[in-house]
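If you're wondering where the values come from, they're calculated on a predicted model, not measured in any experiment. In what follows, every chain begins at residue 1, and chains take the letters A, B, ... in the order their sequences are listed.
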Number of protein chains: 2
Amino acid sequence: MEEIPKNHPRYDSLKIREKLSNAVINGITHHTGLIAHGRGEAFDYILGEKTNKYTYEAEKISAAALLLADDPVVSINGNVAALNPGDCINLSNEIPAKLEINLFHRSNERVNKIYVELKKNGADKIYGLKADANISFLDHNRGLCDKDGIFSSDVVLVPLEDGDRCQALRKMGKKVIAIDLNPLSRTAREADISIIDNVIRAIPNITYWVEKYRNFDRDALKEMVDNWNNNLMLKNICTYISKRLNSMF
Amino acid sequence: MEEIPKNHPRYDSLKIREKLSNAVINGITHHTGLIAHGRGEAFDYILGEKTNKYTYEAEKISAAALLLADDPVVSINGNVAALNPGDCINLSNEIPAKLEINLFHRSNERVNKIYVELKKNGADKIYGLKADANISFLDHNRGLCDKDGIFSSDVVLVPLEDGDRCQALRKMGKKVIAIDLNPLSRTAREADISIIDNVIRAIPNITYWVEKYRNFDRDALKEMVDNWNNNLMLKNICTYISKRLNSMF
């Protein structure tokens, strides 16, 4: 692969594409993960490739919800494993939360490759290999999860999740925090807290607030989480995008 | 590849992804075509995954322009070859127009594979294999085209085109009809007629109007094409998107 010149105006974006492309070649990311990434790119572009104030608020609330959880899990898929596995491990250590490999296009080979990648990045215990339970309401391989991982968790952080799975997790009574750049996606609408941000910015932002909030009064955190209006945040983001689009032409 | 559950609410979209994914494996579509598809998906989502009235008008005008052309060409790239080669062949027969394989990431191997795919779908003569001319203003492989194909054409339909090439074709004095779901892209802004639609809907729509307009008075068609205001259409679509985003929450 030819080298990307450092002065290229789209250097960061091209480096990320290169990372994902390599991860597809190495069997960590599924082909269709590139399509998902392209979708994200489009929304990120429309959003100005930075965290807006509404999303920043969602990231704060997510940190609070993760700290309040009895048994939180950070779910890892093929794109996140390629993009910023270290950040995810760091977040799971800081909360602390379990780390579970959970794939839409699941294959043992890919699970094992991601396992090795996470280990290489310093992960300790990793869930998702046993796959001895099923997310209720879902047939198909995409429902597989660990009984003592996602299955029994109360709060799950799902970066780049499928809409169906997001809905199924909620039906199981879990609090779902989703990272998805598309504010209109089923995932974004279904989740309890939707983070309309690039995972590369979102995970470190949540981690920052986990550290800040660690010793906060739990009742105060609970009040913040209880008062969160996800729908209003999505509405605000749509208005924000809408204004941006009108100003771009 | 595992089967996509038929009851998945995004079944159609997932099937299309699968088609592209397979085309990458089979060497018809380039890796980066998947990321480009994802970007398109995002805009299609925002547009409601249907043809809006401004785009429908652009498709009518495109049909008129193709019927009026002396030497029209329908350009085929790796994504279109994977998604709806049959529709493109049908359109080129109906106009009639030449069919030319024209790739951004050009390799003889990929050209040959697309050639076989088009033949399998019933194409008669296919241009783009000789590559004995260059789109002016472009160095690099992406400029290669056939002397008696795109090079000498007067109207070119380019589905999913690169902004640079769209601009270069226009500089050569050709009328460019581009299909691109991103109304903000350089391609959409550079083309004479921009079709902000999914190729899967766009190609059959244009074909429908080619059939309708075939026996229309040529002066009437010419007047329609001459009066087309592409910039106004793009502005209308941005307003349309903007309103849609505001009304969705």
Side-chain angles (χ1 to χ4, degrees), chain A residues 1 13-14 16-18 20-22 24-25 30-46 104-107 138-143 162-164 167 181-186 188-189 230-249, chain B residues 1-11 13-14 16-25 29-49 79 181-185 188-189 231-232 234-249:
Chain A
M1 192 165 289
S13 171
L14 293 174
I16 291 173
R17 281 190 202 165
E18 189 182 54
L20 272 177
S21 195
N22 287 337
V24 169
I25 293 163
H30 192 264
H31 263 117
T32 53
L34 292 180
I35 301 178
H37 180 73
R39 266 196 321 279
E41 265 190 5
F43 282 104
D44 207 9
Y45 188 81
I46 294 176
F104 187 81
H105 295 284
R106 187 187 175 93
S107 76
L138 282 181
D139 39 12
H140 190 256
N141 265 354
R142 70 197 160 127
D162 166 60
D164 257 20
Q167 195 171 35
L181 275 156
N182 178 359
L184 307 169
S185 73
R186 287 194 309 128
R189 289 159 176 259
N230 204 56
N231 217 49
L232 178 64
M233 177 275 298
L234 290 174
K235 195 176 158 60
N236 284 335
I237 287 189
C238 283
T239 308
Y240 173 82
I241 293 177
S242 173
K243 279 187 189 153
R244 254 184 73 81
L245 277 174
N246 266 333
S247 73
M248 278 169 90
F249 215 82
Chain B
M1 191 165 289
E2 79 203 79
E3 211 173 319
I4 297 161
K6 280 222 166 73
N7 60 354
H8 195 290
R10 304 287 305 158
Y11 179 79
S13 171
L14 293 174
I16 290 174
R17 287 187 203 165
E18 189 182 54
K19 249 191 193 179
L20 274 176
S21 191
N22 287 336
V24 169
I25 293 163
T29 306
H30 192 266
H31 258 116
T32 54
L34 293 180
I35 299 179
H37 179 73
R39 280 198 301 278
E41 265 190 3
F43 282 102
D44 206 10
Y45 209 101
I46 294 178
L47 285 160
E49 293 174 319
N79 282 43
L181 276 157
N182 178 359
L184 306 168
S185 74
R189 288 159 179 256
N231 216 49
L232 178 62
L234 291 175
K235 198 174 157 58
N236 283 336
I237 286 187
C238 282
T239 308
Y240 173 82
I241 293 176
S242 184
K243 278 189 189 150
R244 246 184 75 80
L245 282 173
N246 269 330
S247 72
M248 281 173 93
F249 274 95

Any idea which of [options] has the most non-hydrogen atom pairs under 4.5 angstrom with chain B?
options: A:P183, A:A42, A:A36, A:S242; result: A:S242
options: A:D164, A:D162, A:T32; result: A:D164
options: A:L181, A:L20, A:T239, A:L184; result: A:L184

From [X] [atom1] over to [Y] [atom2], what is the distance, rounded to the nearest 0.5 angstrom?
X: B:E18; Y: A:H105; atom1: CD; atom2: NE2; result: 8.0 Å
X: B:N246; Y: A:K243; atom1: CG; atom2: NZ; result: 8.5 Å
X: A:H30; Y: B:L34; atom1: NE2; atom2: CG; result: 10.5 Å
X: A:I35; Y: B:R39; atom1: CD1; atom2: CZ; result: 12.0 Å
X: B:T29; Y: A:H31; atom1: OG1; atom2: NE2; result: 10.0 Å

Any chance you could lay out the side chain to side chain contact (heavy atoms under 4.5 Å, CB included) test for B:I46 and A:N182, step after step, and finish with the verdict? CA-CA 9 Å; B:I46 294 178; A:N182 178 359; 5.9 Å; no
Of the backbone (N, CA, C, O) and the side chain (C-beta and beyond), which part of A:R189 lies under 4.5 Å from a heavy atom of chain B, both, or neither? side chain
